[in-house]
Amino acid sequence: MTKIKMSPFARKVIAYVKRIPRGQVATYGQIARLAGKPHASRAVGWVLHACAKSHQLPWQRVINSKGTISFHPLTAEYSAQKRLLQKEGVEFQSLHGLNLNYYQWKKS
DNA sequence: GTTTTGACAGTAT
DNA sequence: AATACTGCCAAAA
C-alpha cells in the first residue's frame with residue numbers, strides 16, 4: 001500500500017474525521033483543535049476537499065460552527081451533504097440548520 | 001519563493 | 001441580533 005506524503009496536520013484531520021460516529025457531526029473548528037491547530041478551521045475544509053474521496057471520509061459530518069452546511073444552498077454539494085446527513089438520521093431543525101447541541105460529537 | 005484562495009471561527013461594531 | 005472585519009493554516013497558481 002502506497003504511503004502518500006501528507007502533512008501531520010492533514011493526517012490528524014483525516015484520522016479524527018473518520019472517528020465521527022454515524023448520525024453525529026463535528027465542526028471545522030473542533031477538528032482543527034483536535035489536530036492541534038485551534039485556528040486552522042479553514043485548512044480543515046481544504047484537507048477534506050482534497051482527501052475526502054481518496055480516503056473515503058464521512059465528509060458530510062463536518063459542518064461549520066453555526067450548525068449549518070458551509071456550501072452555498074443552491075449547489076449540488078450542499079444538497080448531497082444534506083441528503084447524506086438525513087440518511088444517517090440527522091434531522092434539520094430549520095431549513096439550513098441543525099441542533100449542534102444535540103448532534104455534535106463529543107470526543108472520548 | 002511569493003501571492004491568492006478557500007467546505008471557517010472569533011471578535012468587534 | 002446581524003453584519004463586517006480580522007486571524008489563522010495549508011494547497012495551488
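- Ranked by how close their nearest DNA chain C nucleotide is to the 5' end, A:Ala10 and A:Arg42 are led by A:Arg42.
- Closest non-hydrogen pair, A:Leu100 versus A:Asn64, comes out as CD1-O, 4.2 Å.
- A:Gln30 has its CD atom 11 Å from the P atom of B:dG10, to the nearest Å.
- As rounded to whole Å, 22 Å separates atom P of B:dG6 from atom CD1 of A:Ile63.
- The phosphate of B:dA9 (OP1 or OP2) has a side-chain N or O of A:Ser65 nearer than 4.0 angstrom.
- Under the 4.5 Å side-chain criterion, counting only non-hydrogen atoms from C-beta, A:Tyr78 is not in contact with A:His72.
- At whole-Å resolution of the value, NZ in A:Lys37 and C1' in C:dA11 are 15 Å apart.
- To the nearest angstrom, C1' of C:dT3 lies 11 Å from NZ of A:Lys66.
- With 3.5 Å as the limit, one finds a donor-acceptor pair spanning the side chains of A:Gln104 and A:Gln30.
- Between A:Arg61 and the options A:Gln24, A:Gln81, A:Arg22, a side-chain contact (heavy atoms from CB on, under 4.5 Å) holds for only A:Arg22.
- Using a 4.0 Å heavy-atom criterion, one finds that A:Ala40 contacts the sugar-phosphate atoms exclusively.
- With B:dA7, B:dA9, B:dG6 as the candidates, the nucleotide lying closest to the side chain of A:Phe71 is B:dA7.
- Under the 4.5 Å side-chain criterion, counting only non-hydrogen atoms from C-beta, A:Val25 is not in contact with A:Trp105.
- Here B:dC8 presents its P atom at 13 Å from NE2 of A:His72, a figure rounded to the nearest Å.
- Between the CG atom of A:Leu48 and the P atom of B:dC8 there is a distance of 10 Å, given to the nearest Å.
- Atom NE2 in A:His49 sits roughly 10 Å away from atom P in B:dG6 (whole-Å rounding).
- Here B:dA7 is the nucleotide among B:dA7, B:dA9, B:dT5 with the atom lying nearest to any side-chain atom of A:Trp59.
- Nearest to the side chain of A:Asn64, among C:dA12, B:dC8, B:dA7, sits B:dC8.
- Computed from coordinates, the A:Lys82 NZ to B:dA7 P distance equals 20 Å when rounded to whole Å.
- Among C:dC9, B:dA9, B:dA7, the nucleotide with an atom closest to any side-chain atom of A:Ala43 is C:dC9.
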Set out, line by line, the N/O atom pairs under 3.5 Å between protein and nucleotides 1-4 of chain B.
none

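- Two residues, A:Phe9 and A:Ser41, neighbour DNA chain C, and the one matched to the more 5' nucleotide by heavy-atom proximity is A:Ser41.
- Between the side chains of A:Glu88 and A:Gln60, at least one donor N or O sits under 3.5 Å from an acceptor N or O.
- For the pair A:Val47 and A:Phe9, the tightest heavy-atom approach, listed with the atom from each and the gap, is CG2-CE2, 4.1 Å.
- A:Ser70 comes within contact range of the sugar-phosphate backbone alone, with a heavy-atom separation under 4.0 Å but no base atom that close.
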